[in-house]
Amino acid sequence: MLFLGTRQMHLVVRPLSTVKTSLFYSTSSHVPARAMVYAQYGKPSEVLRVHKHALPDIKPQDVHIRFLAAPINPADCNQVEGVYPIKPPFNTSLGSDEPVAVGGNEGVAEVIALGDQVKGFNVGDKVVMAQAGRGTWRTHAALPASEVQLLPGFNNQVSLVHAATLTVNPSTAYRMLNDFVELKEGDYVIQNGANSAVGQFVIQIAHAWGLKTINVVRDRPNLDELKEYLTSLGATHILTEEELSKRETRSKLKGWLDGRKLRLALNCVGGKNATELGRYLDHEGKHVTYGAMSKQPMAVPAAPLIFKDVSYHGFWVSRWTDTHSRQEREAMFGDLIDLIKQGKLREPVWEKVSWKLNASEQEIETAFKEAVDKGITGFGKGKQIVFFED
Ligand SMILES: NC(=O)c1ccc[n+]([C@@H]2O[C@H](COP(=O)([O-])OP(=O)(O)OC[C@H]3O[C@@H](n4cnc5c(N)ncnc54)[C@H](OP(=O)(O)O)[C@@H]3O)[C@@H](O)[C@H]2O)c1
């Protein structure tokens, strides 16, 4: 069989009464599929490779999906390195010679076929993964319908980039702003890694909810450009890491806060900078760590603990997903999609990675590995997003 594209498939003439399918699709259409897999942990650009296979005949409770776009997030790379808590099992279910796992945790896909016992989905629906660790760096997947979830209110006002990246970064920003401290209009939040994709959503969601943000970024030659961009998203104040640790910043912050209490700090980076954030928190403030981009441990100073009862927390969106209902997740997606439709959430800064369905394995691997390397190098040009294209 030729592996040329989604529409060019091996058609077998048999009754189609038991499955709902897209045009040209049959129960044994053996859709040609490719996945970015790894057989052992290691540097992503060294261990990832393309595996070619065909989708199996559809099972009664399964859906067949075709991926449209999927990002390369830092956690995806950590997963391939074997240093992330979610470790998808290595197996030969895709017909590989050796056990492999498929990379990627989030993305948006279109339903192309439904098993006859599947309810609540239609062919053509856009779906996201119901949990992390199921593998999204692939053109197609056959999986139980329970492993995918609809995006409420999804329509053409919501871009593929937004849909492909909704479950991790905007959701993390939303939860952290919502779940730790009861914030009122005009209250301030401080965060580091403010130009990360999560940071950009913290700025925008906070702005949409009437909150103010103090944003810490690393210094760089084009700092003014970055400040201008973050301000255009709604950032209230922007500081570099060096400025944050200066004594005079304390009085500057006091002026900005103008009597309001700073009770939420969001830490993407770790190390010395994360420690500094904690020093600015007021009584009973909460310091929430969700990333460790500097790979440096964070010291917890005694004074804020003793004298201000500041508490230190962690947030992991995968844990939130596992411990909350599908309805609660849908409600959050609904709120985020409303903000997108109102023009209050812009896409994160991103760069396109093209995965042409008819490209050679070599071409796909080269483009993908380049993107993975860019994704894990600091001072990058934005989120790498893979588009699966005809
Ligand atoms: N816990 C959760 O549920 C959750 C959810 C989503 C994301 N995350 C984590 O959040 C972090 C950001 O994710 P993302 O997708 O938003 O990332 P991203 O868009 O790729 O941005 C990476 C950020 O990290 C900064 N950075 C990179 N290397 C750094 C270093 N050595 N020191 C200080 N800052 C550095 C970058 O700043 P420069 O521009 O200065 O390089 C940028 O702000 C990652 O650790 C990710 O795993 C966690």
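Counting starts at 1 for both ligands and their atoms, following the listed order. Everything numeric here is computed off the predicted structure, so don't read it as measured data.
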Next on the checklist: Side chain, backbone, both or neither: which applies to V317 and ligand 1 if a contact is any heavy-atom pair less than 4.0 Å apart?
Outcome noted: both
Item to check | Atom CD of E248: over 12 foreign heavy atoms under 6.0 Å | outcome: yes
Checklist entry - Relative to the ring of W320, is the ring of H324 parallel (under 30°), tilted (30 to 60°) or perpendicular (over 60°)? => result parallel
Checklist entry - With a 4.0 Å cut-off, would you call R66 and E110 a salt bridge? => result no
Checklist outcome for this item: If we number the atoms of ligand 1 from 1 as shown, the ones under 4.0 Å from a heavy atom of K383 are 14 (P), 15 (O), 17 (O), 18 (P), 19 (O), 20 (O)
Next on the checklist: Does only the side chain of N192 get under 4.0 Å from ligand 1, or the backbone, or both, or neither? Count heavy atoms.
Outcome noted: neither
Next on the checklist: Regarding ligand 1, does S318 bring an N or O atom to under 3.5 Å of one of the ligand's N or O atoms?
Outcome noted: no
Checklist entry - Using 4.0 Å as the upper bound for N to carboxylate O, is an ion pair formed by E389 and K352? => result yes
Item to check | Proximal ligand 1 atoms for A197, defined as those under 4.0 Å from one of its heavy atoms | outcome: 16 (O), 18 (P), 19 (O)
Next on the checklist: Using a 4.0 Å cut-off to any heavy atom of R220, which atoms of ligand 1 qualify?
Outcome noted: 38 (P), 39 (O), 40 (O)
Checklist outcome for this item: d(N73 CG, E106 CD) to nearest 0.5 Å is 5.0 Å
Checklist entry - Under the ring-ring contact (aromatic ring centres under 6.0 Å, His included) rule, what pairs show up with a residue in residues 330-365, not counting sequence neighbours? => result W350-F387, W355-F388
Checklist entry - Going through the checks in order, is the side chain to side chain donor-acceptor pair (under 3.5 Å) test met by S159 and E347? => result CA-CA 8 Å; S159 71; E347 294 169 348; 2.6 Å; yes
Item to check | Close-contact set for ligand 1 against C268 heavy atoms, below 4.0 Å | outcome: 11 (C), 12 (C)
Checklist entry - Which atoms of ligand 1 sit under 4.0 Å from any heavy atom of V168? => result 5 (C), 6 (C)
Next on the checklist: Counting only nitrogen or oxygen atoms and a 3.5 angstrom limit, does F315 reach ligand 1?
Outcome noted: yes
Next on the checklist: Can you tell me which portion of R218 lies within the under-4.0 Å heavy-atom range of ligand 1? Options are side chain, backbone, both, or neither.
Outcome noted: side chain
Checklist entry - Looking at ligand 1, does any of its N/O atoms fall within less than 3.5 Å of an N/O of P74? => result no
Item to check | H207, NE2 atom: more than 12 neighbouring heavy atoms under 6.0 Å | outcome: no
Checklist entry - With atoms numbered from 1 as shown, which atoms in ligand 1 lie under 4.0 angstrom from a non-hydrogen atom of S294? => result 30 (C), 31 (N), 32 (N)
Checklist entry - Is it true that the side chains of T231 and E228 contain a donor and an acceptor less than 3.5 Å apart? => result no
Next on the checklist: Just to be sure I read this right, does ligand 1 sit under 4.0 Å from the backbone of N195, its side chain, both, or neither, counting only heavy atoms?
Outcome noted: both
Checklist entry - Which atoms of ligand 1 are found less than 4.0 Å from any heavy atom of W316? => result 1 (N), 2 (C), 3 (O)
Checklist entry - Which ligand 1 atoms does N169 reach within 4.0 Å, using its non-hydrogen atoms? => result 6 (C), 7 (C), 15 (O)
Item to check | Test item: side-chain donor near acceptor, Q200 and Y229, under 3.5 Å | outcome: yes
Next on the checklist: Heavy-atom pairs closer than 4.0 Å: do any link ligand 1 to the side chain of K295, the backbone, both, or neither?
Outcome noted: neither
Checklist entry - Is any N or O atom of S196, backbone or side chain, closer than 3.5 Å to an N or O atom of ligand 1? => result yes
Checklist entry - Counting both backbone and side chain atoms, is some N or O of G199 under 3.5 Å from an N or O of ligand 1? => result no
Item to check | Under-4.0 Å heavy-atom contact with ligand 1, by part of A292 that carries it | outcome: backbone
Next on the checklist: Counting neighbours of CD on E365 that are heavy atoms of other residues, nucleotides or ligands and sit closer than 6.0 Å, is the number greater than 12?
Outcome noted: yes
Item to check | ring-ring contact (aromatic ring centres under 6.0 Å, His included): pairs with one or both residues in residues 272-301, sequence neighbours excluded | outcome: H287-Y312
Checklist entry - Can you find an N/O atom of V198 closer than 3.5 Å to an N/O atom of ligand 1? => result yes
